[in-house]
Asks: 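Encoded as structure tokens, here's the structure I'll be asking about.
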Amino acid sequence: MDLEEPMGSVWRASAVAAGPGGGCRVLGLGTALPSTRVSNADLERFLETSDEWIASRTGIQERRVAGPEETLLDLAARSARACLGAAGVEPGQVDTIICSSSSPDETFPSLACRLQAELGCPLGPAFDLQAACSGAVYGLALAQSLIQSGLSHRVLVVAAEIFSRLLDWSDRSTAILFGDGAGAFLVGDERSPGSEILALDLGADGRGATALGTLPAPLDSQPSPNMPEYTSSKRSLGRVVTMNGREVFRFSTKILEEVVLRLAESIGVGVGDIALVVPHQANSRILATAAGRLKFPMERFVTNLERTGNTSSASIPLALAEAAANGVCRTGDLICLVAFGAGLTWGGLILRWGPTAVRVDDPATGG
Ligand code: UT7
């Protein structure tokens, strides 16, 4: 299908202002990265590609990959502990856990249930959601509605991904794009100090489902001596990413622009009033194209994909945490998070930045 044409009419203006007082705040943010760095030059050793091609087409210079013994739960738990530690909240005060992952190592039990036991949280609801790269924003939206309904009071939203186990490492069109990492948000009600959620926009168009998905992993090929350990089929989740890059590119630039416009309109501000846009970290050309269409300065698009690659649903918390830790987010700023991904799905929200506590757990940089 041509995603460009009919989509405009079906991307309903679903952005909704979150109501007086917002009712809900992001209290804490924590992230975790694996320590192993893989540069474009490292990929050149076993893939027919070049640093020049990858950097100029995507903006990515390096990504992180999980170690042989490192699990999705390890990354999720590290990010959750960083988040709770920063916010000064005990695991016993978290009543709901929502996890997002497109790279779980088991179908069930959920990552969220594993995490609840690992952290020692009370026996409230714990479940995973699947919205691909939009998962963290979907999770925040769900957390907000659970809090507003009174069902939950402290919700941990954790997005964790190990895409290095979901790649065909012989496919240069996808292997260069992705990386591993995790990010956690703690969401509470308006009585707690944090960043207020002012507006939300969620959507999906399943007609684009074939643009980005997974296929069974190719049957075991003879491992080449040049292939590093992280590419080993022993580590594979048994499926690999498949993508129509151009179709995804077209969809992403268009939806990014539309969501930012709808969100700004829903709270009665202009796009220029937004201090920072924190987009899903897919590709710097997607971001530059959308920034150009919005006439929004690229310097106010937060990016860290140069160093992390595309970490799917973990990418927004990772980028936001890095910006906050570097002092880029200032009190009162309107900060727009925008995600887009397989499904096709999208999700955006506007935060009014406040005293959200942030901690970055990165053994490679000592963060
Ligand atoms: O979370 C969302 C995840 N997905 C995305 O963000 C993907 C969005 N799409 C993109 O970012 C771009 O489409 C890509 C970066 C994936 C590809 O860029 P492109 O400009 O659309 O390249 P292309 O697929 O049209 O390929 C151009 C050429 C082809 O060679 P020929 O046919 O012109 O000889 C490819 O075979 O580049 C070749 N190519 C590569 N060359 C060196 C494809 N991948 C590579 C590579 N290194 N890694």
Side-chain angles (χ1 to χ4, degrees), residues 2-4 38-63 100-103 130-138 159-164 166-181 183 203-205 208-215 231 239-257 259 278-291 301 303-306 308-319 337-348:
D2 183 350
L3 288 174
E4 207 157 31
V38 175
S39 68
N40 294 345
D42 293 328
L43 300 183
E44 279 178 20
R45 295 194 186 101
F46 64 92
L47 268 181
E48 200 185 318
T49 189
S50 66
D51 174 44
E52 197 282 325
W53 194 96
I54 301 170
S56 64
R57 301 275 178 140
T58 70
I60 298 166
Q61 291 165 9
E62 65 173 36
R63 68 288 291 142
S100 156
S101 185
S102 291
S103 44
Q130 168 51 267
C133 303
S134 309
V137 177
Y138 267 58
E161 304 285 5
I162 302 192
F163 263 57
S164 61
L166 197 61
L167 292 173
D168 175 353
W169 282 101
S170 64
D171 173 10
R172 65 180 183 173
S173 67
T174 52
I176 56 147
L177 294 174
F178 296 94
D180 304 340
D205 184 348
T210 54
L212 181 54
T214 61
L215 285 173
T231 66
R239 300 192 71 80
V240 292
V241 174
T242 170
M243 178 179 71
N244 180 333
R246 289 191 173 189
E247 219 167 271
V248 175
F249 194 98
R250 275 203 302 274
F251 160 73
S252 306
T253 47
K254 189 161 185 190
I255 199 68
L256 208 167
E257 177 192 9
V259 170
V278 184
H280 168 47
Q281 304 286 304
N283 175 318
S284 57
R285 283 194 304 147
I286 291 175
L287 309 186
T289 305
F301 263 60
T303 61
N304 69 346
L305 61 88
E306 323 63 78
T308 57
N310 177 347
T311 55
S312 188
S313 65
S315 88
I316 285 185
L318 281 164
L337 316 185
V338 197
F340 44 86
L344 296 163
T345 57
W346 61 89

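Ligands are counted one by one from 1 in listed order, and the atoms in each one are counted from 1 as well. This one's a predicted model, so the numbers in the text were calculated from it and none came from an experiment. Computed over heavy atoms, backbone and side chain alike; hydrogens, waters and symmetry mates excluded.
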Asks: Please check if any side-chain donor atom of T253 sits under 3.5 Å from a side-chain acceptor atom of T289, or the reverse.
Replies: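 Absent: no donor and acceptor within the cut-off.
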
Asks: Can you label the angle between the F340 ring and the F251 ring as parallel, tilted or perpendicular, going by 30° and 60°?
Replies: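 Answer is perpendicular, since the angle exceeds 60°.
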
Asks: Of all residues at least two apart in sequence or in a different chain, which pass the salt bridge (Lys or Arg N to Asp or Glu O under 4.0 Å) check with D168?
Replies: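 Once residues adjacent in sequence are excluded, D168 has no partner under the salt bridge (Lys or Arg N to Asp or Glu O under 4.0 Å) criterion.
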
Asks: If you look at each N/O of ligand 1, which protein N/O atoms lie under 3.5 Å away, and at what distance?
Replies:
from: ligand 1; atom 1: 1 (O); to: H280; atom 2: NE2; distance (Å): 2.9
from: ligand 1; atom 1: 1 (O); to: N310; atom 2: ND2; distance (Å): 2.9
from: ligand 1; atom 1: 9 (N); to: G245; atom 2: O; distance (Å): 3.0
from: ligand 1; atom 1: 11 (O); to: N283; atom 2: ND2; distance (Å): 2.5
from: ligand 1; atom 1: 13 (O); to: G245; atom 2: O; distance (Å): 3.4
from: ligand 1; atom 1: 18 (O); to: R285; atom 2: NH2; distance (Å): 3.4
from: ligand 1; atom 1: 20 (O); to: R57; atom 2: NH1; distance (Å): 2.7
from: ligand 1; atom 1: 20 (O); to: R285; atom 2: NH2; distance (Å): 3.2
from: ligand 1; atom 1: 22 (O); to: R57; atom 2: NH1; distance (Å): 3.4
from: ligand 1; atom 1: 25 (O); to: R246; atom 2: NE; distance (Å): 3.0
from: ligand 1; atom 1: 25 (O); to: R246; atom 2: NH2; distance (Å): 2.7
from: ligand 1; atom 1: 36 (O); to: R172; atom 2: NH2; distance (Å): 2.9
from: ligand 1; atom 1: 37 (O); to: W53; atom 2: NE1; distance (Å): 3.4
from: ligand 1; atom 1: 41 (N); to: W53; atom 2: NE1; distance (Å): 3.4
from: ligand 1; atom 1: 41 (N); to: R172; atom 2: NH1; distance (Å): 3.4
from: ligand 1; atom 1: 47 (N); to: T49; atom 2: OG1; distance (Å): 2.7
from: ligand 1; atom 1: 48 (N); to: T49; atom 2: OG1; distance (Å): 3.1
from: ligand 1; atom 1: 48 (N); to: R172; atom 2: O; distance (Å): 3.0

Asks: Output all residues satisfying salt bridge (Lys or Arg N to Asp or Glu O under 4.0 Å) with R246, sequence neighbours left out; order by chain, then residue number.
Replies: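 R246 satisfies salt bridge (Lys or Arg N to Asp or Glu O under 4.0 Å) with no other residue.
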
Asks: Could you work out, with side-chain contact (heavy atoms from CB on, under 4.5 Å) as the rule, every residue matching S315, not counting sequence neighbours?
Replies: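 side-chain contact (heavy atoms from CB on, under 4.5 Å) check on S315 returns H280, Q281, T311.
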
Asks: Is there a side chain to side chain contact (heavy atoms under 4.5 Å, CB included) between N283 and L305? Walk through the geometry before answering.
Replies: CA-CA 7 Å; N283 175 318; L305 61 88; 5.7 Å; no

